[in-house]
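Below is one structure; the comments refer to it alone.
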Amino acid sequence: FVFQRPQHLMTRFAAQRRVFFVEEPVYDGGQPSLDVSEHDGVQVIVARLPRGLSRAESAEVQRAMLDEFLERRALSRPILWFYTPMALPIARSWTTRSAAIVYDCMDELTGFQGAPAELRDAETELFGIADLVFTGGESLYAAKRHLHPHVHAFPSSVDVEHFAQALRMREPGDQQGIRRPRVGFCGVIDERMDLELVRDVARRMRAYQFVMIGPVAKIDPASLPQEPNIHYLGPRPYADLPAYFSGWNVAIMPFAHNAATRFISPTKTPEYLAAGLPVVSTSIADVVRPYGLNGFVKIADRPESFSRAIDACMGSEGRDAVLQSQTWIRARSWDRTFRQMETLLADAIARNGAPLPLGPAARPVHAQPAAAGRA
């Protein structure tokens, strides 16, 4: 759907070594097969499976196909990098012959809508075999650090140069017809969004236009608030986001307070600021600390206070907050995060007594994706 943490990191790794990213399967009723495509140097693997398989049967079919695929490519002691513990069954053949096992724990997945019952046990197993654990934010680090001796917090980073283009770009045609002033949101619209807050704020601020960019996932599109000043533009390529941001006056993060948002560290926080946009957010822990406490982002939870915060951002308060954030933001680039993770990964491989797996460089480290996608 979007170009975020996994894509930023894996495209950088693909400049140094072969990267195979295994997606969730697609059930289309045909014979089991693997679709393989390349995105920014990353080989993306999607299993196509017949309908009606149990979870265990699905995992076993995927494991067999993946084993055959990787064996043909002569992998020797690969690094296994997990974004979900539910991938353990399909990777089990490689867990005892890997150079290192990494769990990049972006979110508390057990809090998400539709999380499988087996997820908690699978995560416990993954913690037991992982050499290294990264967390997507400080609050998640606090919740996980006692579970493993090598847990490291890596909150959301930002490609400053990419989003700073918003300061000099012309906005796209499909946004030009929307009146100003504009308040914008960009991201996946799902159960983490406080839709009631969005509706109430839009009703209070009829003179403002609310632009919502991103796919709708796991919720009924009919549940989205429909007001004359709310505009849903759908998903847009990562490469085009700065152009859309260039036409906004204020950016918002109207997240709900629920199990799915308890530990999130929104990627959009530093991206909005890098684009020169004042930001208003609900009191998500990893936004309040450090962004709210440093005065970079206004924090509000009620429609009245959220509306007042948007109004305040339209003037000098908003501009000053953005200016004050820039040095701090530039120290949190994806390149810096990648280098720190690389160092920790090399240490983990050395602890295991394994040679560092390397391959021919695929492309420059700073390559930008042509479009949003899952990699």
Side-chain angles (χ1 to χ4, degrees), residues 5-7 9-10 13 17-27 32-36 42-49 53-73 75-136 140-141 143-152 154 259-260 263 341 344-345 348-349 351-352 354 357 374-375:
R5 183 188 185 101
Q7 291 83 2
L9 295 174
M10 292 304 122
F13 274 121
R17 45 177 70 89
R18 291 183 295 171
V19 176
F20 302 95
F21 196 100
V22 183
E23 283 280 7
E24 294 91 344
V26 173
Y27 296 89
S33 63
L34 293 181
D35 282 352
V36 184
V42 177
Q43 300 297 308
V44 179
I45 303 170
V46 179
R48 294 193 172 275
L49 302 175
L53 296 180
S54 68
R55 191 182 298 277
E57 291 169 335
S58 171
E60 180 56 28
V61 173
Q62 289 178 80
R63 184 200 58 75
M65 292 193 297
L66 187 62
D67 283 355
E68 181 183 358
F69 175 87
L70 296 178
E71 292 284 4
R72 290 202 307 267
R73 280 145 185 85
L75 263 68
S76 175
R77 303 205 71 181
I79 298 163
L80 301 185
W81 189 292
F82 288 89
Y83 277 107
T84 171
M86 297 307 292
L88 259 175
I90 69 172
R92 202 172 299 283
S93 303
W94 297 91
T95 56
T96 57
R97 44 181 172 151
S98 61
I101 297 176
V102 179
Y103 177 26
D104 191 5
C105 182
M106 288 175 55
D107 294 294
E108 180 54 76
L109 298 177
T110 58
F112 278 60
Q113 182 177 310
E118 307 94 322
L119 181 56
R120 196 173 298 278
D121 288 342
E123 184 174 77
T124 298
E125 181 183 355
L126 183 52
F127 269 104
I129 64 172
D131 298 292
L132 195 56
V133 178
F134 301 136
T135 66
L140 193 55
Y141 168 77
K144 303 291 186 182
R145 63 183 176 185
H146 67 286
L147 300 176
H148 195 278
H150 299 286
V151 181
H152 303 269
F154 283 98
F263 298 108
M341 286 182 169
L344 291 168
L345 179 57
I349 292 170
R351 288 197 300 271
N352 292 339
R374 305 181 66 198

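Position 1 is the first residue of the sequence; numbering continues from there.
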- Does the side chain of M65 reach to within under 4.5 Å of the side chain of P32, using non-hydrogen atoms? yes

- Message: Applying ring pair (Phe, Tyr, Trp, His ring centres under 6.0 Å), can you list everything that pairs with F112, at least two apart in sequence or on another chain?
- Response: none

- side-chain hydrogen bond (donor to acceptor under 3.5 Å, both in side chains) involving Q43 - partner list, sequence neighbours excluded: E38

- side-chain hydrogen bond (donor to acceptor under 3.5 Å, both in side chains) partners for T96, two or more places apart: none

- Task: List for me each residue that meets side chain to side chain contact (heavy atoms under 4.5 Å, CB included) alongside D121, sequence neighbours excluded, and say none if there are none.
- Result: none

- Message: Going by the rule side-chain hydrogen bond (donor to acceptor under 3.5 Å, both in side chains), which residues pair with Q62 if we only count those two or more places apart in sequence or in a different chain?
- Response: S58

- Message: I'd like to check the salt bridge (Lys or Arg N to Asp or Glu O under 4.0 Å) partners of R92; sequence neighbours left out, ordered by chain and number.
- Response: E125

- Task: Quick one: list whatever passes salt bridge (Lys or Arg N to Asp or Glu O under 4.0 Å) with R145, sequence neighbours left out.
- Result: none

- Item | For Y27, ring pair (Phe, Tyr, Trp, His ring centres under 6.0 Å) partners two or more places apart | none

- Task: Specify whether F127 and Y103 have parallel, tilted or perpendicular ring planes, treating 30° as the upper limit for parallel and 60° as the lower limit for perpendicular.
- Result: perpendicular

- Message: Taking side-chain hydrogen bond (donor to acceptor under 3.5 Å, both in side chains) as the definition, give me every residue that meets it alongside T95, ordered by chain and number, with sequence neighbours left out.
- Response: none

- Return the set of residues passing ring pair (Phe, Tyr, Trp, His ring centres under 6.0 Å) with F13 (not counting sequence neighbours), or none when no residue passes. W81, F338

- Note on the structure: Taken in chain and number order and not counting sequence neighbours, the residues that satisfy salt bridge (Lys or Arg N to Asp or Glu O under 4.0 Å) with R73 are none

- In chain order, what residues pass the salt bridge (Lys or Arg N to Asp or Glu O under 4.0 Å) check against R5, with sequence neighbours excluded? D104

